[in-house]
Amino acid sequence: MSALQDRSSEFERHRHRLFSIAYRMLGSRADADDVLQDAYLRWHRRAPRELNSPEAWLVTTVTRLCIDRLRALRTERERYVGPWLPEPLIGDAAPGADAQAELSSSLSIAFLVVLEELTPDERAAFLLHEVFDTGYVEIARILGKGQAACRQIVSRARRRVRERRPRMRVSEAARRGILERFAHAIQTQDKTALLTLLADGASWTSDGGGKARAALKVIRGHERVARFALGVLGRHRDVLEFETIAANGEPALALRVQGTLLSVITVNTDGARILDVYTVLNPSKLSAVPAAARG
C-alpha cells in the first residue's frame with residue numbers, strides 16, 4: 001500500500017469521530033463536511049510524517065477549524081431570515097458520542113440550540129470534555145490555553161447549559177407517545193388536548209430560512225403555540241401526513257403534504273409535557289434527508 005493510501009486509510013479510521021465533533025460544533029452537515037474536507041487536505045499536505053497520535057492531530061485540526069468557522073458564521077447567522085435551527089440528521093446519519101450515560105441527548109436539536117449561546121471556545125471545550133471524554137491536558141493543547149483556564153471555560157459552559165436545559169432522562173417510548181399525541185391533536189383540531197400537552201411556557205421555533213413560509217420569531221406560551229399550530233397546520237389537515245422517524249438520535253416527526261416532505265419536527269420534553277417545538281422547513285436543510293424519509 002502506498003504512503004498516500006496509508007494516510008487516506010488512517011483518516012477514514014477517524015472520520016466518524018471527527019464528523020461527530022464537527023457536526024455538534026457547527027450544527028450543519030454541509031459545514032461539517034467542509035471542515036472534514038479541509039482537514040483531509042491538511043492531513044495530506046502538512047501533517048508530520050511521524051506522529052505519536054494521528055487521532056490527536058486530526059481532532060485538534062478539526063476542532064480549530066470549527067472554531068474558526070463558527071466565528072465566520074456568526075455574521076451570516078445574524079442575517080439569517082427568522083430563527084436559525086441546526087440541520088437535522090435522519091436515521092443512521094446521526095453520529096454517536098463517547099459519554100452516552102451522562103449526555104445521552106447531546107445530539108438533539110434542543111441541545112444544539114442551547115449550544116448556540118456559547119462562544120466558539122466554550123462550545124469546543126464543553127463538547128470535548130463533557131461529550132467526548134477529552135482530558136484537560138488535551139483540551140488545553142487544542143485551544144492553546146492553560147489547563148486552569150480550560151477548567152473555568154468548561155465549568156462556565158456547563159453551568160449555562162444546565163440553566164437552559166436541566167438534565168432529564170426521557171425514554172424513547174415516552175418521546176414517541178408525546179409526538180403521537182401531538183400529531184393527533186393537530187389532525188383532529190383538538191385544542192384542549194394540545195393545551196394539555198404543552199407546558200405553560202412552551203415555545204415554537206420555525207426555521208424557514210427565507211425559503212419556506214415560517215414564523216419569523218419564536219412563539220412563546222402554550223396558548224399562543226396551540227393557536228399557531230392549529231391555525232397554520234390545521235388548515236391543511238386533510239392533506240397532512242405525520243410519520244415518526246429518527247432525527248438526531250431521537251424520535252421526531254416528518255410532516256408531508258401530499259407525499260412531499262414539508263418539515264422535520266422535534267420536541268424538547270420532560271416526558272409529560274412539550275417544553276419546546278422545533279420545526280425545520282428550510283428546504284436546504286431537508287435536501288440531505290434520505291429518500292425513504294422524504295416519501
Side-chain angles (χ1 to χ4, degrees), residues 6-29 31-74 86 89 94-108 111-112 114-162 165 167 248-249:
D6 283 342
R7 289 200 144 219
S8 296
S9 297
E10 184 68 30
F11 186 92
E12 291 304 318
R13 280 206 315 118
H14 302 293
R15 177 180 288 277
H16 184 78
R17 179 178 176 83
L18 299 175
F19 182 80
S20 297
I21 293 171
Y23 174 77
R24 285 173 173 84
M25 281 288 292
L26 302 171
S28 162
R29 177 200 295 268
D31 287 327
D33 285 341
D34 286 347
V35 161
L36 260 63
Q37 179 63 21
D38 194 348
Y40 179 82
L41 295 175
R42 293 181 184 215
W43 169 245
H44 280 283
R45 290 198 308 254
R46 303 181 187 178
R49 292 296 173 184
E50 298 297 329
L51 287 173
N52 291 329
S53 175
E55 181 180 13
W57 190 95
L58 289 167
V59 168
T60 297
T61 299
V62 165
T63 302
R64 289 176 178 173
L65 286 171
C66 286
I67 290 173
D68 291 342
R69 181 65 63 96
L70 276 178
R71 289 170 177 159
L73 286 172
R74 182 172 299 168
L89 295 181
D98 296 345
Q100 288 293 342
E102 184 70 12
L103 281 171
S104 59
S105 61
S106 70
L107 190 63
S108 71
F111 184 77
L112 296 179
V114 173
L115 294 187
E116 284 295 304
E117 299 186 7
L118 303 180
T119 67
D121 280 355
E122 287 174 340
R123 189 162 181 164
F126 176 79
L127 285 170
L128 287 172
H129 188 265
E130 300 290 294
V131 178
F132 293 99
D133 286 338
T134 306
Y136 284 111
V137 172
E138 185 69 8
I139 293 173
R141 187 185 62 78
I142 291 172
L143 297 185
K145 301 179 184 291
Q147 290 185 52
C150 289
R151 289 180 185 275
Q152 291 178 348
I153 290 172
V154 171
S155 177
R156 183 168 62 246
R158 186 192 298 122
R159 184 169 57 251
R160 292 178 63 186
V161 168
R162 288 179 177 174
R165 184 173 166 77
R167 286 183 297 174
N248 289 60

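Just the heavy atoms: all of them, side chains too, but no hydrogens, waters or symmetry mates, feed the values below.
Annotation: side chain of P54 is not in contact with side chain of R7 (no heavy-atom distance under 4.5 Å). Residues V161 and E130 fail the side-chain proximity criterion, which asks for heavy atoms closer than 4.5 Å. Counting heavy atoms from C-beta on, the side chains of N248 and L112 come closer than 4.5 Å. The side-chain heavy atoms of P120 and R74, taken from C-beta on, include a pair separated by under 4.5 Å. Contact of the L143 side chain with the I67 side chain is registered, since non-hydrogen atoms from C-beta on lie closer than 4.5 Å. Looking at heavy atoms from C-beta onward, W43 lies in side-chain contact with L58 at the 4.5 angstrom threshold.
Side chain of R69 to backbone of V35: no donor-acceptor contact under 3.5 angstrom is found. The closest donor-acceptor contact from the side chain of R24 to the backbone of S20 lies under 3.5 Å. Side-chain atoms of R123 never come within 3.5 Å of backbone atoms of L118 as a donor-acceptor pair (strictly under, hydrogens ignored).
Rounded to the nearest 0.5 Å, atoms CD (E138) and NE2 (H129) are 12.5 Å apart. A distance of 11.5 Å separates CG of L65 from CG of L70, quoted to the nearest 0.5 Å. To the nearest 0.5 Å, atoms CZ (R141) and SG (C150) are separated by 11.5 Å. Distance check, rounded to the nearest 0.5 Å: CG of D34 to CZ of R29 gives 12.5 Å. Summarising the geometry, atom CG belonging to D31 is positioned 11.5 Å from atom CG belonging to L36; distances are rounded to the nearest 0.5 Å. Here the CD atom belonging to Q147 is positioned 10.0 Å from the OH atom belonging to Y136, to the nearest 0.5 angstrom.
When all heavy atoms are compared, the tightest approach of A32 to L26 is N-CD1, 3.9 Å. Residues A22 and C66 come closest through the heavy atom pair CA-SG, 3.6 Å.
Ring pair Y23/F19 is parallel by interplanar angle, where below 30° counts as parallel and above 60° as perpendicular. The aromatic rings of Y40 and F11 sit perpendicular to each other, their planes meeting at more than 60°, with 30° as the lower class boundary.
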- [ ] Could you check R64 against D68 for salt bridge (charged side-chain N to carboxylate O under 4.0 Å, His left out), going step by step and ending with a plain yes or no?
- [x] CA-CA 6 Å; R64 289 176 178 173; D68 291 342; over 6 Å; no
- [ ] For I21 and L128, run side chain to side chain contact (heavy atoms under 4.5 Å, CB included): C-alpha distance rounded to whole Å, both residues' side-chain angles, the deciding distance at 0.1 Å, then the answer.
- [x] CA-CA 8 Å; I21 293 171; L128 287 172; 4.3 Å; yes
- [ ] Would you please test I153 and F126 for side chain to side chain contact (heavy atoms under 4.5 Å, CB included) and show each step?
- [x] CA-CA 8 Å; I153 290 172; F126 176 79; over 6 Å; no
TODO: Kindly determine whether T134 and V59 satisfy side chain to side chain contact (heavy atoms under 4.5 Å, CB included), including the steps that lead there.
DONE: CA-CA 10 Å; T134 306; V59 168; 5.8 Å; no
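Between D38 and R42 there is a salt bridge, since a side-chain N of the basic residue sits under 4.0 Å from a carboxylate O of the acidic one.
Tested against E12 for a side-chain hydrogen bond (donor to acceptor under 3.5 Å, both in side chains), the candidates H16, R15, H14 yield a single pass: R15.
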